[in-house]
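Report on the following structure.
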2 protein chains.
Amino acid sequence: MKGKELLRSRSVLPIGTVMKLTNLTARQIRYYEEQELVLPDRSEGNRRLYSLNDIDRLLEVKDYLDDGINMAGIKEIYRQRRQKQASKRHEENKPLTDSDLRRILHDEFMNLGGLDTPDQQSFRTHNPLM
Amino acid sequence: MKGKELLRSRSVLPIGTVMKLTNLTARQIRYYEEQELVLPDRSEGNRRLYSLNDIDRLLEVKDYLDDGINMAGIKEIYRQRRQKQASKRHEENKPLTDSDLRRILHDEFMNLGGLDTPDQQSFRTHNPLM
DNA sequence: TAGCCATGTTAGAAAACATAACATGAAACT
DNA sequence: AGTTTCATGTTATGTTTTCTAACATGGCTA
């Protein structure tokens with residue numbers, strides 16, 4: 001299950017593709033980034049490059065907005081989710097492997113930990129790629 | 001195993017990304033297309049859009065070239081592979097389901113049938129995304 | 001030696017994307 | 001009611017990426 005993660009987290013999609021895949025406008029996508037809800041990579045020439053995980057995130061943000069939750073609320077949701085995962089790791093006192101560490105560095109922001117939460121299942125439901 | 005196919009065959013990658021992923025130059029990628037070994041989609045604005053399957057194909061073409069096989073040879077290889085798959089379907093007289101038909105329409109060119117051939121496993125070996 | 005093959009390089013045009021600023025309708029607040 | 005704020009639309013201007021087409025070239029091969 002390592003290759004799939006690589007695939008999902010590899011930043012390869014330009015914003016135009018993301019627009020089609022998510023049905024969001026460039027304005028929306030950039031605004032969510034401004035709000036630090038998605039942090040795409042950049043090409044050498046400064047073009048945004050998105051991963052499949054980014055797309056999941058964008059779709060989830062949009063879902064929350066459609067549910068009437070505002071940016072502040074969404075940010076809080078992600079804050080808590082990160083928090084929960086951190087403490088979960090602590091409780092279980094899991095010894096962290098090297099690759100765990102690498103994942104955490106990346107996930108700390110992405111907030112897509114190893115355990116498949118119900119929320120993430122709902123991502124998939126909305127993901128046009130799956 | 002349906003979603004994965006969709007993901008693999010979805011044309012979403014611009015040539016710049018493909019260059020990085022395959023280590024091929026734009027010239028090479030376009031030349032292989034000229035030789036009809038990869039047939040990327042096009043955006044409305046005529047930009048090439050590649051799928052993961054396309055990337056597999058590009059890498060395989062390159063491997064063959066590195067092995068000293070020339071374009072004519074590579075084309076012949078794919079011709080025969082298509083042929084074999086077609087006749088295999090015929091021999092087994094498999095009744096084709098609707099989704100089979102859809103796949104075939106797409107695969108007839110892509111030459112990535114339902115059965116995981118040894119060759120395709122070798123694709124994966126070389127695929128930087130997996 | 002002459003030609004072909006796979007690829008490099010260059011030029012010019014068009015598409016896609018970036019940032020920034022201003023505009024706006026719907027909510028929320030005072 | 002009037003005023004802010006929020007999420008998004010729109011427009012302008014500049015840069016990056018990609019496109020096609022043409023010419024160049026080193027290594028094989030007839």
Side-chain angles (χ1 to χ4, degrees), chain A residues 10-52 54-79 126, chain B residues 10-52 54-79 126:
Chain A
R10 194 129 192 185
S11 297
V12 291
L13 307 171
I15 199 171
T17 294
V18 175
M19 290 173 64
K20 285 177 213 149
L21 257 28
T22 62
N23 255 0
L24 296 171
T25 65
R27 185 66 165 93
Q28 288 174 303
I29 296 170
R30 297 198 190 106
Y31 182 63
Y32 302 163
E33 176 180 352
E34 195 180 310
Q35 301 297 313
E36 300 183 274
L37 294 173
V38 248
L39 274 292
D41 278 356
R42 295 287 181 134
S43 76
E44 295 174 19
N46 199 37
R47 266 78 221 282
R48 273 167 259 253
L49 289 176
Y50 297 86
S51 69
L52 294 179
D54 290 332
I55 288 187
D56 287 339
R57 173 64 75 107
L58 286 169
L59 289 170
E60 198 192 22
V61 167
K62 179 56 173 187
D63 276 355
Y64 281 138
L65 284 171
D66 288 346
D67 286 350
I69 303 176
N70 65 12
M71 287 294 168
I74 298 174
K75 287 182 200 178
E76 183 56 27
I77 288 172
Y78 290 132
R79 243 189 305 277
H126 293 289
Chain B
R10 196 129 191 183
S11 296
V12 291
L13 308 170
I15 198 170
T17 293
V18 174
M19 290 172 64
K20 284 176 213 148
L21 257 29
T22 61
N23 258 354
L24 296 172
T25 66
R27 185 66 164 93
Q28 288 174 303
I29 296 170
R30 297 198 190 104
Y31 182 63
Y32 302 163
E33 175 181 353
E34 196 180 310
Q35 300 298 312
E36 301 182 274
L37 293 173
V38 249
L39 274 293
D41 279 356
R42 295 288 181 132
S43 75
E44 294 176 19
N46 198 37
R47 267 80 222 285
R48 272 166 261 255
L49 290 175
Y50 296 85
S51 69
L52 294 180
D54 290 332
I55 287 186
D56 287 340
R57 172 64 75 111
L58 286 169
L59 288 169
E60 199 194 21
V61 167
K62 179 57 170 178
D63 276 355
Y64 282 139
L65 284 170
D66 287 347
D67 286 350
I69 303 176
N70 65 11
M71 286 295 168
I74 298 175
K75 288 182 201 177
E76 183 57 27
I77 289 172
Y78 291 131
R79 241 189 305 276
H126 293 287

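Because only heavy atoms are used, hydrogens play no part in the values below, and waters and symmetry mates are left out as well, while side chains stay in.
For A:R48, taking side-chain heavy atoms from C-beta onward, the closest of the listed nucleotides D:dA7, C:dT7, C:dT19 is C:dT19. Of the candidates D:dT18, C:dA6, C:dA18, the closest approach to any side-chain atom of B:M71 belongs to C:dA6. With distances taken from any side-chain atom of B:R30 to the nucleotides C:dT19, D:dT18, D:dT17, the minimum falls on D:dT18. Of the candidate nucleotides D:dT8, C:dG8, D:dC19, C:dG8 has the atom nearest to the side chain of B:R27. Looking at the side chain of A:R42, the nearest of the listed nucleotides C:dT19, D:dC19, D:dT17 is C:dT19. Among the nucleotides C:dC5, C:dA18, D:dT8, the one closest to the side chain of B:Y31 is C:dC5. With distances taken from any side-chain atom of A:N46 to the nucleotides C:dT19, D:dC19, C:dC17, the minimum falls on C:dT19.
Interface remark: the B:R47 side chain does not form any donor-acceptor pair with the D:dC19 base, using a distance-only criterion of under 3.5 Å.
Residue A:S43 places at least one side-chain N or O under 4.0 Å from the OP1 or OP2 atom of D:dT17. Using a 4.0 Å cut-off, some side-chain N or O of B:T25 falls inside it from OP1 or OP2 of C:dG8. Under 4.0 angstrom from either OP1 or OP2 of C:dT7 there lies at least one side-chain N or O belonging to B:Y32.
Per the geometry, NZ belonging to A:K20 stands 13 Å off C1' belonging to C:dC17, to the nearest Å. Residue B:I74 contributes atom CD1, which lies 13 Å from atom P of C:dC5 at whole-angstrom precision. In this structure, A:I29 atom CD1 and D:dG9 atom C1' are separated by 14 Å, rounded to whole Å. Residue B:I69 contributes atom CD1, which lies 15 Å from atom C1' of C:dC5 at whole-angstrom precision. For A:D41 and C:dA18, the CG to P distance is 13 Å, given to the nearest whole Å. Distance CG (B:L13) to P (D:dT17): 16 Å, rounded to an integer number of Å. If you take CD of B:Q28 and C1' of D:dT18, they are 17 Å apart, rounded to a whole angstrom. Going from atom CD1 of A:I15 over to atom C1' of C:dA18 covers 9 Å, rounded to whole Å.
Inter-residue side-chain proximity for A:L13 and A:L52 is flagged as met; some heavy-atom pair is nearer than 4.5 Å.
Shown here for B:I29 and B:L24, the closest heavy-atom pair between the two residues is CG1-CB, 3.8 Å. Taking each heavy atom of A:S11 and A:D41 in turn, the nearest pair found is OG-OD2, 3.3 Å.
A:E36 and A:Y78 share no donor-acceptor pair across their side chains, judged by distance under 3.5 Å alone.
Of the charged side-chain nitrogens involved, none lies within less than 4.0 Å of a carboxylate oxygen, so that A:E33 and A:R30 do not count as a salt-bridged pair.
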